[in-house]
Each structure stands twice: as C-alpha cells, then as structure tokens.
Amino acid sequence: MTNILTKLPVIILISGSGSNLQAIIDQTNAGFLPIQVQLVISNEPTAYGIQRAQQVGIATQILEHRNFTTRQAYDNALLELIAPYDPELIVLAGFMRILTSNFVARYQGRMLNIHPSLLPKYPGLNTHARVLAAGDTVHGASVHFVTEMLDGGPIIIQAEVPVMPDDSPETLAARVLVKEHLIYPQAIKWFAEGRLALASQGVLLDKQLLTRPVIWS
Ligand code: GAR
C-alpha cells in the first residue's frame, strides 16, 4: 500500500459519462495508481461522472459554462476553484471544452488529456464518424500533454483498434473506450511515479526523449 503522504494530488475535469474517470477510480482503489483524486469538476450539471465520483466519496463541483459570458471568465473561475487544492496534476477525462492559454500556461507540463483518435490524425470532434468516412482500417486513442494547440500537445501513449466493415460510430467508440481505460491509467501512473515529464523537446519517459509515442500492446 502506498502511504497517503506519497499520493499525487489530482483534479479530474469531465463533461459526460465519466467512464475514463471510473477507470482511474478503479485503478486507484486497486492500488495501481498512487494518486489521490481531490476533486472532480464538471461543466455539465447532468454529467453521469459526477455520480460516479460521489458514489465513492470523491468531492465534486459543477462549474457550468453557460453561466459565463466569455471563455476567459469561465477559465478564471476554474482557476480560482482549483487553486486552493494545489493539485500536482490536472486530468482531462472527456472534458469537452477548449481551455484558454492562461489556464494551459498555469498547468503546463502538469495537465493530461485523452483523445479518441491516433493523433495527430483527427483532432477535434466526431473522430469516430470521420474515421469511418475516411475508410481507415485502424483507429485508436492517444494520451498527450496539454499545450495551447488543441489536441496537439506531445503524445505519450497510444492504443490502436481495428475498424470493422460493419462499424458504426457507436461500436467504434466503444472499442476505442476499452483501450482508453487502459492507456490513461498507465500514463497517469508514470506521471505519479515521477517517470513522465514534458520538456521543451517533447515527452521524457524515464529521462529518455520519446521519438514516437509508446504503443500499448
Ligand atoms: C472519451 O472517448 C474521450 O477520449 C473523449 O470523450 C470521451 C469521454 O468519455 N474526449 C474527447 O473527445 C476530448 N477531445 P467518458 O466521459 O466516458 O470518459
């Protein structure tokens, strides 16, 4: 068992179902992740992930973006909400908002995101439908450090899945999610163990510069 004092304080931002959040909770409770989830924040009041957090006694906050007139005002409120917790890591787990440069700069090198595509292919939304429309035979998910470029930060780890001829966006999304739930805890574990860092040249894993993302196998 990891001593509580050695656990990395983490805040998780969500917008929806929170299945990645659940995977992180499960892997924390299983002892795989030496982290302490201090708070889960959602911009969507109905996000099911909020219930998932509450079910295991994790503190939650709703910060609804509709109550703010500008992106800057929302992100300032988010910064204020987070500041007292002084987290070591911010985990974006299906948080469907673009963050301002001010926010990103505050947590540069300490913020991870998971994206449902093999970045740099298909940044942005509707990745599964776009993969099907393009006729790709391989798809997947990526975990990356968050930088100012949308879905463009240095990639840490990726997992691939086959695209089947009869796939719909939903069946493909479900297959990708299974892999997301494996690679996100792995990347968070590396960070929590001090093995993963963002340097000016890219991602360092065990002090070695990654020339390409780790591929989950
Ligand atoms: C996941 O597929 C995640 O990769 C994606 O949203 C889904 C959230 O699912 N994130 C993005 O598209 C961010 N650009 P979840 O709420 O069940 O974890």
Side-chain angles (χ1 to χ4, degrees), residues 10-28 33 35 37 39-56 58 60-65 71 74-75 78 89-100 103-104 107 111-133 136 138-161 163 167-188 213 215-216:
V10 174
I11 288 186
I12 303 182
L13 274 54
I14 63 165
S15 298
S17 161
S19 70
N20 277 289
L21 166 67
Q22 188 69 57
I24 295 164
I25 290 171
D26 292 347
Q27 292 297 348
T28 303
L33 285 179
I35 67 171
V37 182
L39 179 67
V40 171
I41 302 173
S42 174
N43 66 305
E44 289 287 358
T46 58
Y48 180 62
I50 288 293
Q51 288 183 44
R52 294 184 193 266
Q54 288 173 347
Q55 274 162 15
V56 292
I58 295 173
T60 60
Q61 290 275 354
I62 309 286
L63 190 65
E64 200 175 345
H65 58 281
R71 198 171 283 283
Y74 181 83
D75 282 11
L78 201 53
L89 179 67
I90 304 281
V91 170
L92 307 182
F95 186 63
M96 303 305 283
R97 285 188 58 81
I98 296 170
L99 292 162
T100 55
F103 189 98
V104 172
Y107 291 104
M111 182 154 51
L112 302 179
N113 182 43
I114 190 154
H115 183 77
S117 79
L118 294 172
L119 290 169
K121 293 182 87 174
Y122 308 109
L125 298 174
N126 304 318
T127 57
H128 310 300
R130 287 157 64 202
V131 163
L132 291 174
D136 292 4
V138 178
H139 182 34
S142 309
V143 178
H144 64 93
F145 278 106
V146 177
T147 62
E148 282 197 30
M149 204 192 307
L150 178 67
D151 299 327
I155 304 163
I156 301 157
I157 184 168
Q158 294 183 316
E160 297 179 348
V161 301
V163 181
D167 263 329
S168 65
E170 292 73 27
T171 59
L172 193 49
R175 195 174 307 122
V176 171
L177 269 179
V178 171
K179 299 289 186 175
E180 292 188 32
H181 300 162
L182 299 172
I183 62 174
Y184 217 179
Q186 179 61 73
I188 293 166
I215 303 295
W216 177 274

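One-based numbering, in listed order, for ligands and for the atoms of each.
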Any Ile114 heavy atom less than 4.0 Å to ligand 1:
yes
Evaluate Ser19 against Arg52 for side-chain hydrogen bond (donor to acceptor under 3.5 Å, both in side chains), listing each step before the verdict.
CA-CA 9 Å; Ser19 70; Arg52 294 184 193 266; 5.3 Å; no
Is the backbone N or O of Leu99 less than 3.5 Å from a side-chain atom of Asp75, with the two atoms forming a donor-acceptor pair by type?
no
Please lay out, stage by stage, how His115 and His144 fare under the test ring pair (Phe, Tyr, Trp, His ring centres under 6.0 Å).
CA-CA 8 Å; His115 183 77; His144 64 93; 7.1 Å; no
If you compare Gly16, Gly18, Ser42, Gly94 by their heavy atoms, the one closest to atom 16 (O) of ligand 1 turns out to be Gly18
Going by ring-ring contact (aromatic ring centres under 6.0 Å, His included), name the residues that satisfy it together with His181, two or more places apart in sequence or in a different chain.
none
Looking only at distance, does Asn113 have an N or O less than 3.5 Å from an N or O of ligand 1?
no
Side-chain donor-acceptor contact under 3.5 Å, Tyr122 with Asp136:
yes
Does only the side chain of Ile14 get under 4.0 Å from ligand 1, or the backbone, or both, or neither? Count heavy atoms.
neither
Do me a favour and list the nearest non-hydrogen protein atom to atom 14 (N) of ligand 1 with residue, atom name and distance?
His115 ND1, 3.3 Å
Non-hydrogen atoms of Gln22 versus ligand 1: any pair closer than 4.0 Å?
no
Return the residue, atom name and 0.1 Å-rounded distance of the protein heavy atom closest to atom 17 (O) of ligand 1.
Ser19 OG, 2.6 Å
Angle between ring planes, Tyr74 versus His65, binned at 30° and 60°: parallel, tilted or perpendicular?
perpendicular
Can you tell which of His181, His128, Glu180, Arg97 gets a heavy atom nearest to atom 4 (O) of ligand 1?
Glu180
To which protein heavy atom is atom 5 (C) of ligand 1 closest, and what is the distance rounded to 0.1 Å?
Pro116 CD, 3.8 Å
Just verifying a value: how many Å separate Arg130 CZ and Leu125 CG, rounded to the nearest 0.5 Å?
7.5 Å
